[in-house]
There are 2 protein chains.
Amino acid sequence: MFGQIMNTKLPPRTVERLSKYRRLLDKYKGLDEAHIYSHKLAGLLNLTPEQVRRDLMLIGLTGNHRKGYNIKALIGIIGNTIDRQEGQQVALVGIGNLGKAVLGFIRKAETRMNIVAAFDIDRNKINTHIAHVPCFDIQEAKQVIREKNIRIAILTVPPEVAVSTTTLLLQSGIRGILNFTSVHLDVSPDIYLKDYDIITSLEEIGFFIK
Amino acid sequence: MFGQIMNTKLPPRTVERLSKYRRLLDKYKGLDEAHIYSHKLAGLLNLTPEQVRRDLMLIGLTGNHRKGYNIKALIGIIGNTIDRQEGQQVALVGIGNLGKAVLGFIRKAETRMNIVAAFDIDRNKINTHIAHVPCFDIQEAKQVIREKNIRIAILTVPPEVAVSTTTLLLQSGIRGILNFTSVHLDVSPDIYLKDYDIITSLEEIGFFIK
DNA sequence: TGAGCAATGTGAAAAAAATAACAGTTGTTT
DNA sequence: AAACAACTGTTATTTTTTTCACATTGCTCA
């Protein structure tokens, strides 16, 4: 309906920005105008208009030379590009403060990334629901991940068990990991790993403002 | 002692990696060998040896052509490069699940980024200590931030108040922000802002593994 | 209707970052 | 002590990402 899925490779930075365009515009949807200019969108996200136009060009979205880009079409095509049709299943591994916080975030956001299982070792959490997500014993991970067709894990376990947990996850078929532990995970190149390294980020900020 | 502070501009990616080298090597310190090869260090962090050598070159560290890089010297020079002598003061703003988790992380890590104050609106938290960090009413932010010479804030407040809180922080003299809210913050270019956008990261992972 | 303006779309240039290539060093071995 | 091996230091090349520049388009309004 909104143009075809582009299976040409997109630059990682573009994918990142596309996700942001959509989240921003989800709020605009319905309200206000039906269209938005590249410079408006750029301004809202501290980008340049050229960057925005190029990103949209790459996913085959064409705007109106006078009115800008149709917001619904934009949201639609971004969805066709970066989502799987049926959404993707995500597991949360480690239900501590951080895990709960992440759950809260994602529940509020409009996204097709569905957290469908959480894992922990705490008997008090296992077999309960947290924020509507069923909690399992990490022992059952392999089975649950297979059954629910989960490919992505958010890793919020204590650092001591980060490596062993990762090994288990990879054996269970996980293909992408969002790593909140400060532990470096050594994974093969076909696994998509994204590190959220708080200390490093802080030190980076520290360096650049001094 | 370990070579001079280089005040030439370093690429952001280099600064990021330097922080990681140090964290990794802090664990090696004392143990094992006194030296490490670029290819060993690269292997441990999934980088290329060339990248490592270039980074170290940029901070003026020179290795031994046969033995590699002296680990203590490496840690020392990275410190001289990216730390302030006296460390830097950081505030945690918003003491929810996420805030507490972040506190836990940083307390465990060896870093000169010191969290010296936390802010919230919850009467039950104000004037207590959490993980040895004193908690203040956000109303007092301006005063406390000035007094304690805080320049960096970790923003873990609910999205509804993200923008207003940021305004307050910037008025109080904060120069760098690590933003955990999914809200886009529009700050002037002289403020160093780093976004931890969980949804975007997840969608990016989703795209690249499909 | 047609001139003007304010967008878009995109090739080309520039900047930033990563990778390759290799000469130069240093310890080791015979 | 000469040949070797395995590193480092750095220049050159390639790749990736951003920015520039400008022709083209589509609405508006005189």
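Chain naming here is simple, since letters A, B, ... match the order of the sequence lines and numbering starts at 1 in each.
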Check: Is the side chain of A/Y37 donor-acceptor paired with the backbone N or O of A/R66 at a distance under 3.5 Å, no angle test?
Finding: yes
Checklist line | B/K40 NZ to D/dA6 C1', straight-line distance once rounded to whole Å | finding: 16 Å
Next item on the list: Rounded to the nearest angstrom, tell me the gap between atom CD1 in A/I59 and atom C1' in C/dG9.
Entry: 14 Å
Note to self: Taking the minimum atom-to-atom distance to the side chain of B/R66, which one of C/dG9, D/dT8, C/dT28 wins?
What the structure shows: C/dT28
Note to self: Assess, by modelled atom type and distance only, whether the side chains of B/S19 and A/E204 contain a donor and an acceptor separated by less than 3.5 Å.
What the structure shows: no
Next item on the list: Ignoring backbone atoms, test whether B/Y69 places a side-chain nitrogen or oxygen under 4.0 Å from the OP1 or OP2 oxygen of D/dG9.
Entry: yes
Notebook entry, point to check: What is the distance from CD of A/E16 to P of D/dT16, rounded to the nearest Å?
Noted result: 16 Å
Checklist line | Separation of atom CG in A/N46 from atom P in D/dT19, rounded to whole Å | finding: 12 Å
Checklist line | A/L24 atom CG: more than 12 heavy-atom contacts under 6.0 Å | finding: yes
Next item on the list: For A/E50 and C/dG9, give me the distance from atom CD to atom C1', rounded to whole Å.
Entry: 12 Å
Check: Where the side chain of B/R53 is defined as all heavy atoms beyond and including C-beta, which of C/dA17, D/dT10, C/dA7 is the nearest nucleotide?
Finding: D/dT10
Note to self: When you measure from the side chain of B/N97 to the backbone of A/K100, do you find a donor-acceptor pair of N or O atoms at a distance under 3.5 Å?
What the structure shows: no
Next item on the list: Please determine if B/R22 and B/D83 form a salt bridge, counting it only when a charged side-chain N lies under 4.0 Å from a carboxylate O.
Entry: yes
Margin query: Can you tell me whether the side chain of B/R54 and the base of D/dT11 have a donor-acceptor pair closer than 3.5 Å?
Written below: yes
Check: Of all the choices, D/dG9, D/dG26, D/dT17, which nucleotide is nearest to the side chain of A/N64 once you look at every atom?
Finding: D/dG26
Notebook entry, point to check: Of all the choices, D/dT17, C/dG27, D/dG9, which nucleotide is nearest to the side chain of B/M57 once you look at every atom?
Noted result: D/dG9
Check: Do the side-chain N or O atoms of B/T48 get closer than 4.0 angstrom to the phosphate oxygens (OP1, OP2) of C/dA18?
Finding: no
Notebook entry, point to check: Is any side-chain N or O of B/H65 under 3.5 Å from a base N or O of C/dT26, one able to act as donor and the other as acceptor?
Noted result: no
Note to self: Rounded to whole Å, please give me the gap between CG in B/D55 and C1' in C/dA16.
What the structure shows: 14 Å
Notebook entry, point to check: Base, sugar-phosphate, or nothing: which does B/P11 touch, judged by heavy atoms less than 4.0 Å apart?
Noted result: sugar-phosphate
Next item on the list: Round to a whole Å and report the spacing from CD1 of B/I36 to C1' of D/dA6.
Entry: 16 Å
Next item on the list: For A/L41 and C/dA7, give me the distance from atom CG to atom C1', rounded to whole Å.
Entry: 14 Å
Next item on the list: Pick base, sugar-phosphate or nothing for A/T14, based on heavy-atom distances below 4.0 Å to the nucleic acid.
Entry: nothing
